[in-house]
Number of protein chains: 2
Amino acid sequence: MFKEPPNNSREKTKNLFLKLQENICKTLEYTDGKAKFIEETWLRKEGGGGRSRVLKNGSIFEQAGVNFSEVYGKELPQSIISQRPEAKDHEWFATGTSMVLHPKNPFIPTVHLNYRYFEAGPVWWFGGGADLTPYYPYLTDVRHFHKEHSEACDKVNKNLHKVFKPWCDEYFFLKHRNESRGVGGIFYDYQDGSGRIYKGNNKKGNAYIKSTHIGDLNLDWNNFYSLAENCGNAFLSSYQPIIEKRVKQNYTKEEREFQLYRRGRYVEFNLVWDRGTIFGLQTNGRTESILMSLPPLARWEYGYKSKKESREDYLTRIFTKPQDWQNDEDLEKFCIDNNIFD
Amino acid sequence: MFKEPPNNSREKTKNLFLKLQENICKTLEYTDGKAKFIEETWLRKEGGGGRSRVLKNGSIFEQAGVNFSEVYGKELPQSIISQRPEAKDHEWFATGTSMVLHPKNPFIPTVHLNYRYFEAGPVWWFGGGADLTPYYPYLTDVRHFHKEHSEACDKVNKNLHKVFKPWCDEYFFLKHRNESRGVGGIFYDYQDGSGRIYKGNNKKGNAYIKSTHIGDLNLDWNNFYSLAENCGNAFLSSYQPIIEKRVKQNYTKEEREFQLYRRGRYVEFNLVWDRGTIFGLQTNGRTESILMSLPPLARWEYGYKSKKESREDYLTRIFTKPQDWQNDEDLEKFCIDNNIFD
């Protein structure tokens, strides 16, 4: 049904994700200039382990968490088996890198990245993506982030990005707020070259069953490996320029308060809707590493409403809705007219 | 199988819960002395509505949220039908009061209360409880809170508290942290006088299936109504003395930081494990009212560890584990010896 992975598939993906963690941490540490990553390695009782790295109280990053893990198990949970029945009764292997950066300055967006690889008996697949969560709206930042990821996908196949962009919008969605977590990016799962449709199975909302089918593009293991590599490597160039541009902007106490308020939404998404987080917490994952994604400080305020036509209002009304950031001319004009373009 | 409710059951319970909200708000406002409750009434599209009251930035309460609601619907969700199959294909009615108080001073515990009543076709039941979440350990406070609730239960039947106390411990448990949310109190659900065993059905952990059976005590609707009334009325006397005692204690920046850190656990419980919260968010409940339980400010810190033998350490090791607060003499001696008794 689909092509065999190479003999050294596990070693190859593991090394890819280790290197990705290494490169990202090195660059972020250099960028921050003040704080250093602290590393903890850990073993999982059921098999495998990981390498967690956290940087706290930096000059730019209030917290930066970058995880690598490589884990083994006897039987995948039912939610995965229902997607890939061939995996049933097979031992499984999974490796990946995940990251969440919480900058201090509210003008620098929070960003999330995760790339992962699974094997179980006759099946294998790649998944992952990266997405941006700004607290203040700037269309150029959003466009830059999307452009870098779009180009990384295109290097493998020009038909991928048009699926992975809306898939991301659908996945990172807070149904109870009717809001996107942020401005999206790319997301994909169960990519094995078989061209099979992914069956959305999130009982908590099923928000992401529409845009998940790339069709049969005749892609093989090496193509999806390259996809993870390209997209992983695109991260720094997609995000670094945004830091450099925004870090010079001074912010007020009120802007910081708005950031903390919006970070509450980040917590809500991760604890209520994120399959990975919930799955990890319910299956004895390493809690501290899983919850490294949560912000160091967050705020809730009953009945908060931003002032009409303020940047906070634009963030909530426009930048937490799925948009065609690159091509929508009305959106571009609106952003220019309202000083949230550049 | 079980006794009929009185003809005016809906009106009676609704008025009970309205009055409970009213009394609690009046007293809390007087106690706070600075801030006032802001009220919002709201209607639910599917039927019914509510009255939400929030007090913010008080002298004592950083946030106090007290909700009343009375809602109707066509069909109860499967998770409830599986407990009460007779409710299937019947319209339902539910009314209740819920409350979470987040004091500013870390020496005053956070507290939660919820009492509710359901009807659906031939079945009716009461549920609810109250539980305390201290940030700094004081055995006398915990004992006082438990004593008041124990006495309120005893007025109806002396066999209730010994079930409702462990039920609370089991329900308010963060499996992913292996911690209780706080020091407990009482919790009960599906009380209809039938003496039926409650089938724990939380797929996310099933932590609370052990201590949920009061047996057939020959209690009727009026008894459970009185239970809600007694326990609801016990709240102020269980909590006010703790405020009065602790509010005079000055706290340091570090103690405040620890409170914010522990509030993170409150967020984790409510968003990951609390059936009511998750159910509400997934079924188009009024998000702002549901999430009124979340703290106004919370903190996460990767790899946090408190100093050994510090009060923070005792809180985590002793006051987030189920304990026999009233009778355990070793615990009492430990608390006296380590200055966390009074």
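So that the names make sense, note that chain A is the first sequence line, chain B the second, and so on, each numbered from 1.
- Between A/L294 and B/E268, the shortest heavy-atom distance links the atoms CD1-OE2, 4.5 Å.
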(request) Report the C-alpha separation of A/Q63 and B/W300 in whole Å, then their side-chain angles, then the decisive distance to 0.1 Å, and conclude whether the side-chain contact (heavy atoms from CB on, under 4.5 Å) test is met. (result) CA-CA 10 Å; A/Q63 181 178 291; B/W300 279 268; 5.7 Å; no

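- Two residues are said to be in side-chain contact when any heavy atoms from C-beta on lie closer than 4.5 Å; B/E288 and A/R177 meet this criterion.
- Across A/S52 and B/Y302, no two heavy atoms sit closer than the pair CB-OH, 3.5 Å.
- Contact annotation for B/E40: only side-chain heavy atoms (C-beta onward) come within less than 4.5 Å of a heavy atom of chain A.
- Rounding to the nearest 0.5 Å gives a distance of 13.0 Å between CZ of B/R299 and CG of A/L260.
- Looking at B/V267, the atoms closer than 4.5 Å to chain A (heavy atoms on both sides) sit in the backbone and in the side chain alike.
- Within the 4.5 Å cutoff, the side chain of A/L291 has heavy atoms near those of the B/H176 side chain.
- Open room surrounds NZ on B/K26; 12 or fewer heavy atoms of other groups in view lie less than 6.0 Å from it.
- Atom OG1 in B/T287 sits 9.5 Å away from atom CG in A/N178 (nearest 0.5 Å).
- Atom CD1 of A/I278 and atom CH2 of B/W273 lie 10.5 Å apart (nearest 0.5 Å).
- Side chain of A/K56 to backbone of B/E301: no donor-acceptor contact under 3.5 angstrom is found.
- Each of A/G303, A/G65, A/P296 has some count of heavy-atom pairs under 4.5 Å with chain B, and the biggest count is that of A/P296.
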